Amino acid sequence: MTTAADERRQARPESNEIRVALIGNPNTGKTTLFNALTGHRAHVGNYSGVTVEKREGPLRRAEKKVSIVDLPGSYSLSAHSPDELVAVRVLLGDMEKEPRPDVVVIVADASNLERNLFLATQVIELGVPSILVLNMMDLATANGLEIDTQALSEALGVPVLPVVARTQQGLDKLAELMQAPEELTKPAPLPVYPEEFLQERDRLRERLEKLNVPENLLQPFLVKRPLVEIGGMVEQEILRAAGDEARQAIEEARKTLTEKGHRLRSMEASCRYRWIRRECGPAIKETKPSGHSSKERTDKVDSILTHRVWGTALFLILMTTVFQAIYAWSAPLMDMIDGFFVGLGNLVSGIVPAGPIQSFLVDGVIAGVGGVLVFLPQICVLFLFIALLEDIGYMARAAFLMDRLLSRIGLSGRSFIPMLSSFACAVPGIMSTRTIDDRRDRLATILVAPLMSCSARLPVYTIFIAAFIPQRNFFWFFNLQGLVLLVMYLVGIIVAIPVTFILKKTLLKAKTPSFLIELPPYRRPLVKNVFYRMYERGREFVIRAGTIILAVSIVIWALTYYPRPDAIAEDHEHRVEFINGVYTEKLAGVGFDASAIPAPGSGEDLFEYIAASDLSATDDQKDVLDAWIAKLHVLETQVEGAYLRQSYLARAGKVVAPVVEPLGWDWRVGMAVIASFPAREVIVATLGVIFDLGGDVDEGDQGLIQKIRDAKWPDGRPLFTIPVAIGLMVFFALCMQCAATLAIMKRETNGWRWPIFAFVYMTGLAYLGALIVYQGLSMIL
Amino acid sequence: MADIIPLDTLSPGQSGIVSSIEGEDSLVQRLYEMGLLEGSRIEFLRKAPLGDPMEVRIEDRFNLSLRRADAHLILIEL
């Protein structure tokens, strides 16, 4: 009988590539080893069908083609989280499009060997040629450990190599072993379990075989999982395949073993640890550490960093610094990127003649790409900090400090980093939820992460604050504008609290999660690794978020550009002709004969003609010429506005007008909000075009601020009052106007269900928030 | 007979030997895999500033963080 897994193995392409998998506990320096072996040339992707990150790279300076896969860090193959399940399935050759590795490298922390050997014995049991790497040997020696690698290798039946990944010590030997998998033998199964247990396992296997349980679940390693791991992933899969009869077979086997006096739930742990102590214990000798051990150093640092007063203070200072860095330090770079794309747009406008192609390139493509890349500095700064703090070992402490607060709303400290990241951008925030092993916790975190005020909301706040909130100081140092900005940031957090609470009580109901994490020893960060991590994250953001934002920007561009009725163009031409006539006369009035000037179609035409031809004009005459150019420019922004006001998007704005009227918005605001669907910050440019200023405005533009203040309803009432402006800001604080976030949610939750849910609930909250603020403030003010 | 008390009632700095671990199977197995099992020497290092979770040290080798509610189910022999 051939199973799907067999076929996949057979379908494996005939190649001479050697496939190596790295597996190990978290905090064993596995990724450092991976980076050292591949020379920072990893390809980051996803395993097919699941949202577990896959890092793969070639072995550098190798004679043969060796491809190394960095499996997710795990404590055990019993697979509690999707990450761990992927590791098991890759090692068993049961993962789609993922040939079974030829060699498995088990990375162990030499200072904490006993615990690490638990996973090692599981991996060896799978029967793939394996190498045990003892990483951080230098620390182990400093801590007073002596490890007899020869004895260890004999006990386990696999080669054992001491290395120091950070300094690349011992890696040449490892690379050599990797390139000769034929010399590694399949390790013999370790006699970990008692005979009685193995007999029961074989009986269960026979019974399940008759029940048509797929053969890939009947491999010796997997078929015993239901016996030692109650309710685990393997048991669930077997029951899904064979139902009640399988349940009965499993329960009977469990009963037999229990009657014979075995405690099943601690069976695997006690058997493995007993075996490890008996067989490997003699290879590990403990002596007095020379000098200060890393443990003592970590304890000293921890007593400050998790101290009730100092720890909390340092945490707050650190988080403030991160925020300051995200918003202030990246500003110059962001301005440069913004300036570059504006310049590029102008350049293209100069080369490509005006028309749909020019508009598509400039307003669609260039503006779209620029709109994504402008956030890259913030993303990089954020990930520089996260990678640095993670490398040092502080991130686990931050989660430790925040766990209590997050537990009040049903989450755990693990949600802290995703939430923090979301203040820069929800896209990397949602991606970093993968480390949350509880599915419901992870979903709840994904669903509320976009409520954190991301950097794309900042331009929206900036312009409305500049336009409507007076620049006033009170209590010596509080600035009213700054205070309002702070309140806008708090709105998201405050709303996220009840939302999470309700989600965890209803849709994602589960018992309070545990918060069981390792607090790794503090380490000096490896600068190269930190920057590489930042680079990887930045690239991922550009690819994932960038392509979506660009695609949606182009759609929105088309909706704002079309249709192009001739009537508007003709009307515009008449106006230009009229103005040309008026100014030709005016020039004649100051003694200048303009009949030689070819009738200009635009201000740019006229400007260029004057610049190119050697006109001798008096100052008076020059003033009139300049006024002529300026007037033509005004006509152009007006026609741009005229087109937009009858575009498909404007029609949509008019459709939603009755819906948004209770918020104090007219159809133009409704339209700008729809246009900002791909990305919130687009609203600034859209408002610019609607109010006849052209699209080249930014949030600091005094012209736009003035226009927004002056905008009126048809009956002459001002459009933007303080209640409308604050309501609009609240709307943007709570809404889900971000195509990239929705796309990333779809990918991370494997379907459209949750992104649609998030869009509906957030838009609902945003509407409600804006309604309450507008109506409430209108009554007071 | 030695005193047997839940882990969460230890005071910082105190240590003992794990005598039994109760609670849900999945959590117990997680603890085992992470190296916390019956017979392990455990030291209560400190509480987080807000009182929960707590940091413990196992076998003088590595540090774990766990919530007091879970620690309550771990019995320690002093």
Side-chain angles (χ1 to χ4, degrees), chain A residues 25 27 74-78 80 109 111-116 118-119 122 143 228-232 264-266 268-270 272-273 293 295 298-299 302-303 306-312 315 396-397 399-405 407 412-413 437 511-521, chain B residues 6-8 10-15 17-77:
Chain A
N25 286 184
N27 306 310
S74 35
Y75 289 103
S76 151
L77 294 185
S78 46
H80 294 273
D109 173 1
S111 314
N112 185 14
L113 204 47
E114 191 178 282
R115 209 269 308 278
N116 281 263
F118 181 89
L119 176 70
Q122 285 185 323
N143 286 344
V228 293
E229 193 191 327
I230 292 138
L264 289 179
R265 85 172 178 180
S266 60
E268 177 166 34
S270 58
R272 283 191 198 281
Y273 282 115
S293 67
K295 168 201 112 193
T298 292
D299 274 355
D302 248 358
S303 62
T306 58
H307 187 270
R308 185 191 285 267
V309 178
W310 308 126
T312 312
F315 172 81
R397 269 78 183 184
F400 176 72
L401 293 178
M402 294 304 288
D403 180 63
R404 180 86 186 96
L405 280 182
S407 76
S412 80
D437 49 5
K511 57 175 178 23
T512 324
S514 58
F515 179 65
L516 184 58
I517 61 160
E518 196 174 346
L519 299 171
Chain B
L7 176 59
D8 65 320
L10 255 62
S11 24
Q14 229 179 341
S15 64
I17 304 289
V18 178
S19 79
S20 74
I21 306 176
E22 302 303 324
E24 286 207 29
D25 288 336
S26 63
L27 180 69
V28 175
Q29 277 176 347
R30 200 64 175 159
L31 286 167
Y32 287 151
E33 291 161 5
M34 290 180 86
L36 175 69
L37 44 152
E38 282 97 354
S40 301
R41 192 152 35 89
I42 190 166
E43 183 188 352
F44 178 16
L45 294 178
R46 59 184 67 84
K47 291 182 290 194
L50 297 170
D52 200 16
M54 52 196 283
E55 183 179 1
V56 296
R57 188 161 178 81
I58 315 294
E59 290 288 339
D60 217 14
R61 289 252 181 278
F62 56 94
N63 299 7
L64 292 183
S65 152
L66 68 165
R67 287 194 178 156
R68 300 182 73 97
D70 296 328
H72 190 67
L73 301 171
I74 300 174
L75 297 181
I76 306 298
E77 197 180 314

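Every chain is numbered from 1, with letters handed out A, B, ... down the list of sequences. Quick caveat: nothing in here was measured; it's all calculated off a predicted structure.
Between atom CZ of residue A:R265 and atom CD1 of residue B:I21 there is a gap of 8.0 Å, rounded to the nearest 0.5 Å. Interatomic distance, A:D403 CG to B:M54 CE, rounded to the nearest 0.5 Å: 13.0 Å. Separating the CG atom in B:D25 from the CD atom in A:E229 is a distance of 10.0 Å, to the nearest 0.5 Å. Taking CG from A:D299 and CD from B:E55, the interatomic distance works out to 7.0 Å, rounded to the nearest 0.5 Å. The line from CG of B:L64 to CD1 of A:I517 is 9.0 Å long, rounded to the nearest 0.5 Å. Here OG of A:S514 is found 5.0 Å from CG of B:L27. Values are rounded to the nearest 0.5 Å.
Across A:E268, A:R115, A:R308, the residue that shares the most heavy-atom pairs under 4.5 angstrom with chain B is A:R115. Considering only heavy-atom pairs separated by less than 4.5 Å from chain A, the leading option among B:K47, B:E24, B:E38 is B:E24. In terms of heavy-atom pairs under 4.5 angstrom with chain B, the leader among A:S303, A:A399, A:G311, A:A269 is A:S303. Per-residue heavy-atom pair counts under 4.5 Å with chain B were compared for A:T306, A:T312, A:D109, A:L401, and the maximum is reached by A:T306.
Interface remark: A:F118 contributes side-chain atoms only to the contact with chain B (heavy atom separation under 4.5 Å). Interface remark: A:S74 contributes no atoms to any contact with chain B (heavy atom separation under 4.5 Å). In this structure, chain B has no heavy atom under 4.5 Å from any part of A:V309. At a 4.5 Å heavy-atom cutoff, the contact between A:D302 and chain B is made by backbone and side-chain atoms alike. Within the 4.5 angstrom heavy-atom criterion, no atom of A:L119 approaches chain B. Neither the backbone nor the side chain of A:S270 has a heavy atom closer than 4.5 Å to any heavy atom of chain B. For a residue to count as touching a neighbouring chain, one of its non-hydrogen atoms must lie under 4.5 Å from one of that chain's; by this rule B:D52 touches chain A with backbone and side chain alike. Only the side chain of B:L37 comes within less than 4.5 Å of a heavy atom in chain A; its backbone stays farther off. At a 4.5 Å heavy-atom cutoff, B:L36 makes no contact with chain A through either its backbone or its side chain.
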- request: Walk me through it: do A:S407 and B:R67 pass the test side chain to side chain contact (heavy atoms under 4.5 Å, CB included)?
  value: CA-CA 10 Å; A:S407 76; B:R67 287 194 178 156; 3.4 Å; yes
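A donor-acceptor pair under 3.5 Å is formed between the side chain of A:Y273 and the backbone N or O of B:Y32. Put simply, the side chain of B:E59 never gets that close to the backbone of A:N112: no donor and acceptor are under 3.5 Å apart.
B:R46 and A:F400 get closest at one heavy-atom pair: O-CZ, 4.4 Å. A:R404 approaches B:P53 most closely through the heavy-atom pair N-CD, 4.4 Å.
For NE2 of A:H307, the number of neighbouring non-hydrogen atoms (other residues, nucleotides, ligands) closer than 6.0 Å is greater than 12.
Put simply, the side chain of B:E33 reaches to within 4.5 Å of the side chain of A:S78, judged on heavy atoms.
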